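What you see is a predicted model, and the numbers here were worked out from it, not measured in a lab.
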Amino acid sequence: MEPQHYVVVTIGSAGDLFPFLALALALRARGHRVSFLAPEQHGPWVRPTGLPFTGLPADESVLRDPDLWHPTRGFGVVWRATRPAMARIVPFVAALPQHESCVLLVHPLALPEADLCRVVHPGVRIAAAYLAPANLMTVHDPLLVGPWRVPAWVPLSARRAFWRWVGRRFIDPVALADVNAARTPHGLAPVPSLMDWIASVPDLSVTLFPAWFAPTQPDWPQPLVRGDFPLFDPNGDASLAPGLTAFLQAGAPPLVFTHGTGNTQAAAYFRDAAAAATRLGRRAIFLTPHREQVPADLPPSMLWQDYVPLRALLPQAAALVHHGGIGTTAEALRAGTPQLVVPLAHDQFDNGARVTALGVGASLPAGRLNERRLVRALDGLLAAPGLAARTRAVAARFPPGGGIDKVCDALSRSGQE
């Protein structure tokens, strides 16, 4: 196929970055031209790959906003924080040669701006890459809004009405004015409802998670290509630090606790984690770049690390306790490591429900977390009959190479249409 120019756009934390980076590198390996747009702070991950990188503005003070991890207010925080970055997409595409065939491969939150690119660069194709099932609206089970599950007996008509209410109550008041203000100068009609419209923007939708994790739903956008988890870590093959290796060799497999690299508000979580590990008589490793969140005086049975490649660590762990980010969830599934998901917001509750349904973990909402509940949840998880066999069976489902080829094939075909 004729080489294309792929403009890859993502936002968010490293968990959002790495899947898009994996796709960008795979497309470049096929001979395509690739431009990569992502938050400026991810430059140290992207620039060493040699991909042309455009850093997008990101206000890291948003990480201190207490509403960032709120089940319903979190979307508003993320939306407002990403608008300055998304505003850079349209002028970037407008500056490209008009004769150049171009495909935008974007995070779903970039779809409003991607649609504007059709005006400034006619013929551009748009592909939306969905990192997690919760990013795709559906009326089918499991239907969760934050920690609240809609019962299976609720009819589809009521579920559709419920989603319309969610859009009017939580989404449109935050996002719709911004979207329509950006459309007006381009002569585009206003959007009446973001949730009804945004899934219709892409020419192609791809899932960066497999059907065995989340089966295709009848109301997901079409055309849709199912991918696998494109797990990627620039330091994935790095050896573990000597101190960590010595710790792992000194005793039984530890519990590993993390709550996401972007979470600066996890002090209570790590305090409960340390107390629970003590009560269970378990060794523990705490992963966070923010040392101040972890109890200052750790006993010899506990260790803090700022960063460790999960691919190397998890096979040596008794269990992973984490926030439920899709990248961390997938790494634990691949490693065959039992996991306790402690979701805060966004897609994390849905990811936790799917881990539980697979029989390889459990979920305990962060809003209900305390030492006693954490002890009980971990005790029950680690004693579950058949757990080891189920985690091995799920790990065996991961294809060699991260399953990227099918997605790249679909993107290449889209660029030729």
Side-chain angles (χ1 to χ4, degrees), residues 3-63 78 81-97 100 102-110 113-114 117 127 129 131 206 208 229-241 260-264 287-290 305-312 325-328 330-331 401-402 404 407-408 411 415:
Q4 304 290 314
H5 183 190
Y6 289 89
V7 178
V8 181
V9 183
T10 189
I11 58 168
S13 67
D16 299 284
L17 171 78
F18 290 158
F20 282 89
L21 190 52
L23 286 172
L25 293 173
L27 289 166
R28 184 181 67 178
R30 291 179 172 222
H32 298 295
R33 178 186 173 199
V34 180
S35 300
F36 202 90
L37 283 67
E40 177 59 42
Q41 66 263 33
H42 295 321
W45 298 113
V46 182
R47 290 190 177 96
T49 69
L51 288 169
F53 174 64
T54 298
L56 301 176
D59 182 2
E60 295 199 41
S61 67
V62 71
L63 298 177
V78 172
T82 56
R83 289 311 92 196
M86 298 300 93
R88 302 287 182 90
I89 300 171
V90 179
F92 181 93
V93 174
L96 298 176
E100 184 178 58
C102 177
V103 178
L104 293 177
L105 174 62
V106 302
H107 189 286
L109 285 180
E113 288 73 20
C117 292
L131 294 168
V206 299
L208 302 185
F229 293 117
L231 294 175
F232 177 80
D233 188 329
N235 294 326
D237 296 326
S239 58
L240 298 178
T261 56
N263 190 349
T264 63
L287 296 182
T288 174
H290 312 288
Q305 296 282 281
D306 61 349
Y307 171 81
V308 179
L310 291 179
R311 182 179 305 188
I326 191 65
T328 305
E331 287 286 3
I404 289 178
V407 172
C408 288
L411 290 169

Would you compute the distance between atom CG of Leu131 and atom CZ of Phe229 and round it to the nearest 0.5 angstrom? 10.5 Å

Less than 4.5 Å apart, side chain to side chain, heavy atoms only: is that true for Leu287 and Leu310? yes

How long is the span from the CZ atom in Phe36 to the OG1 atom in Thr10, to the nearest 0.5 Å? 6.5 Å

Do you know which two heavy atoms are closest between Ile404 and Ala22, and how far apart they sit? CD1-CB, 3.8 Å

With the side chain counted from C-beta on, respond yes when Val7 and Arg33 share a heavy-atom pair under 4.5 Å apart, and no when they do not. no

Exam field: side chain Tyr6 to backbone Leu411, donor-acceptor pair closer than 3.5 Å: yes

Spacing of His5 atom NE2 and Leu27 atom CG [to the nearest 0.5 Å]: 11.0 Å

Compare every heavy atom of Ala87 with every heavy atom of Glu113, then report the nearest pair and how far apart it is. CG-N, 4.5 Å

Run the side-chain contact (heavy atoms from CB on, under 4.5 Å) check on Leu208 and Leu23 step by step: do they pass? CA-CA 10 Å; Leu208 302 185; Leu23 286 172; 3.8 Å; yes

If every non-hydrogen atom of Leu56 is compared with every non-hydrogen atom of Arg88, which pair is closest and at what distance? CD2-CB, 3.8 Å

So do Leu104 and Cys117 actually touch side chain to side chain, heavy atoms under 4.5 Å? yes

Distance-minimising heavy-atom pair for Pro19 and Gly15: CD-O, 3.1 Å

Compare all side-chain heavy atoms of Leu105 with those of Val34 and state whether any distance is below 4.5 angstrom. no

In Å, rounded to the nearest 0.5 Å, how long is the span from CE of Met86 to CG of Leu37? 8.0 Å

Which of parallel (below 30°), tilted (30 to 60°) and perpendicular (above 60°) describes Phe232 and Phe18? perpendicular

To the closest 0.5 Å, what do you measure between CG (Leu109) and CD1 (Ile11)? 4.0 Å

If I compare all heavy atoms of Pro57 with all of Ala85, which pair ends up nearest, and what's the gap? O-CB, 3.4 Å

I'd like to know if the side chain of His42 reaches the main chain of Gly12, judged simply by a donor and an acceptor atom lying under 3.5 Å from each other, with no hydrogens or angles considered. yes

Does a side-chain heavy-atom distance below 4.5 Å link Phe53 with Glu40? yes

Rounded at 0.5 Å granularity, tell me how far CG in Leu96 sits from CZ in Phe92. 5.5 Å

Identify the two heavy atoms, one from Phe20 and one from Val106, that lie closest to each other, and give their separation to 0.1 Å. CE2-C, 3.7 Å

